[in-house]
Number of protein chains: 2
Amino acid sequence: MSLRNAVMAALLDGESSGYDLAKAFDAAVANFWICTPQQLYRELDRMETDGLITARTVEQERRPNKRLFSLTSLGREELTRFTAAQHKPTAIRDELLVAVLAADSGDVEAVKASIRERRQWAEAKISRYERLRAKLLDGMDEEEFLATAERVGPYLTLLRGLSFERDNVRWCARSLTVLERRGARLDAST
Amino acid sequence: MSLRNAVMAALLDGESSGYDLAKAFDAAVANFWICTPQQLYRELDRMETDGLITARTVEQERRPNKRLFSLTSLGREELTRFTAAQHKPTAIRDELLVAVLAADSGDVEAVKASIRERRQWAEAKISRYERLRAKLLDGMDEEEFLATAERVGPYLTLLRGLSFERDNVRWCARSLTVLERRGARLDAST
DNA sequence: CTCACATACTCAACTTGTTGACTAGGTCGA
DNA sequence: TCGACCTAGTCAACAAGTTGAGTATGTGAG
């Protein structure tokens, strides 16, 4: 029920097509809400019939037509209601951690490879987030930005994503060290 | 498809009833895989028909009978195959972050209250994790434990949970500061 | 000139996850 | 002895998320 709210929050930045929303989700919101394009399109349809958003079709010459969605006042109300509601604690589902939990009686080398891959992925995310941050700050330092910006929400959620990925990198490094030392010890004892 | 694997990983510790698994999930695995008891029971049934686990019924005098599940060799194989497979990057879904994203045009006071609540929740998780950690270490220091323990997987995933929640607490504190300063500024300017 | 990739979606089938209620006894404290 | 909570589940209905394919056009690189 909360993809709706994520979409509405994303539409606070102004009207957007489903396609652009999907990209925006991938860039900035993916850190705390992921979804496939299919989910988005389906949800946008429902939200339109529920009156939370309106669409206007823009005809384009050399591209398929697109529908630009924007928040209605009902949508804004709903979103405000949502911000005032209680929020369930995070739901994480991380296959890599399941694999690490079972690593001791599984394929340790493969798990180590997965951890290395994850670390690289996290590093790539960090640089994307840093670029986004620089763009938000637009030359200002953090203090100045926080004092003058219209919205601080996007910045705060970005910070969360950044520190999550940094934490990921640290944990990957630590786990690799542990698993490697362990491998060396087990080799020595045979 | 991966709740199965989480269940199998949990069964590496020995046979367990659905009820106990639900509790174990809540305590140690919830950090990277959450599910409701209903999901567990349904999945356990399926896993049994698929031959990944076997059940034996234990009759109890003063309590309802229970079924103890344990891994079959097919289950072990499956689990090893899983550890060797590729793992999709994390899927997080956090309503609180959606609310923070929309906070600027929503009910800021309520969002602040939610952040405070989340911080408390995270702190409670941290102490539970610390207790679990002390229990795993069993008087040893970390080096000694990592050198002698049969399994390090559970310890590594626990570390991830711990640092995730510590990061949460830090982010909550930072966000509250930002939102409070902002509130003060806005009040002053009206 | 072809191939990959971007725009901008739609449809269908399927698997997972969530919610709420129900059964049925036992223990423990006020 | 009443109510609250623990053990140990089951059932049904629904909501949400995933996967894979299909449509149709345009741009840019090699």
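Lettering of chains follows the sequences in order, A, B, ..., and the numbering in each one begins at 1. All values below were derived from every heavy atom in this structure, side-chain atoms included, with hydrogens, water molecules and symmetry-related copies excluded.
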Going through the checks in order, is the side-chain contact (heavy atoms from CB on, under 4.5 Å) test met by B:Tyr129 and B:Leu159? CA-CA 9 Å; B:Tyr129 286 151; B:Leu159 283 188; over 6 Å; no
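- Each of B:Leu158, B:Thr83, B:Thr157 was checked for a side chain to side chain contact (heavy atoms under 4.5 Å, CB included) with A:Leu101, and the lone residue meeting it is B:Thr157.
- A salt bridge links B:Asp104 with B:Arg182: the distance from a Lys NZ or Arg NE/NH1/NH2 to an Asp or Glu carboxylate oxygen falls below 4.0 Å.
- There is a side-chain donor-acceptor pair under 3.5 Å between B:Asp94 and A:Thr90.
- At a threshold of 4.0 angstrom between heavy atoms, the contacts of A:Arg93 are confined to the sugar-phosphate backbone, with no base atom among them.
- Taking every heavy atom of residues 25-51 of chain A and every atom of DNA chain C, pairs under 4.0 Å involve A:Gln38, A:Tyr41, by number.
- An OP1 or OP2 oxygen of D:dG9 is reached within less than 4.0 angstrom by no side-chain nitrogen or oxygen of B:Tyr19.
- For the pair B:Phe69 CZ and D:dA8 C1', the computed distance is 11 Å after rounding to whole Å.
- Rounded to whole Å, atom C1' of C:dG26 lies 15 Å from atom NZ of B:Lys66.
- For the pair B:Gln60 and A:Pro64, nearest-nucleotide mapping onto DNA chain D gives the more 5' position to B:Gln60.
- Side-chain contact annotation: A:Ser163 with B:Asp167, donor-acceptor N/O pair under 3.5 Å present.
- Counting to the nearest Å, the C1' atom of D:dG17 and the CG atom of B:Leu3 are 15 Å from each other.
- A heavy-atom distance below 4.0 Å to DNA chain C is reached by none of the residues of residues 5-16 of chain A.
- Taking 4.0 angstrom as the limit, A:Lys23 places none of its side-chain polar atoms (N or O) nearer than this to OP1 or OP2 of C:dA8.
- A perpendicular orientation is assigned to the rings of B:Phe164 and A:Phe164, their planes being inclined by more than 60° (bins at 30° and 60°).
- Between the CZ atom of A:Arg67 and the C1' atom of C:dT7 there is a distance of 16 Å, given to the nearest Å.
- Taking the charged nitrogens against the carboxylate oxygens, A:Arg42 and A:Asp45 have no contact shorter than 4.0 Å, which rules out a salt bridge.
- With salt bridges taken as basic N to acidic carboxylate O contacts below 4.0 Å, none links A:Glu78 and A:Arg4.
- For the pair A:Leu68 CG and C:dC9 P, the computed distance is 8 Å after rounding to whole Å.
- Rounded to whole Å, atom C1' of C:dG17 lies 14 Å from atom CD of B:Glu95.
- If B:Ala91 and B:Asp20 are placed on DNA chain D by their nearest nucleotide, the residue sitting closer to the 5' end is B:Asp20.
- Between B:Arg151 and B:Asp13, at least one side-chain nitrogen of the basic residue sits less than 4.0 Å from a carboxylate oxygen of the acidic one, meeting the salt-bridge criterion.
- Looking at which nucleotide of DNA chain C each of A:Lys88 and B:Ser2 is closest to, the 5′-most match is held by B:Ser2.
- Atom-to-atom, CG of B:Asn65 to P of C:dG26 comes out at 13 Å; the value is rounded to the nearest Å.
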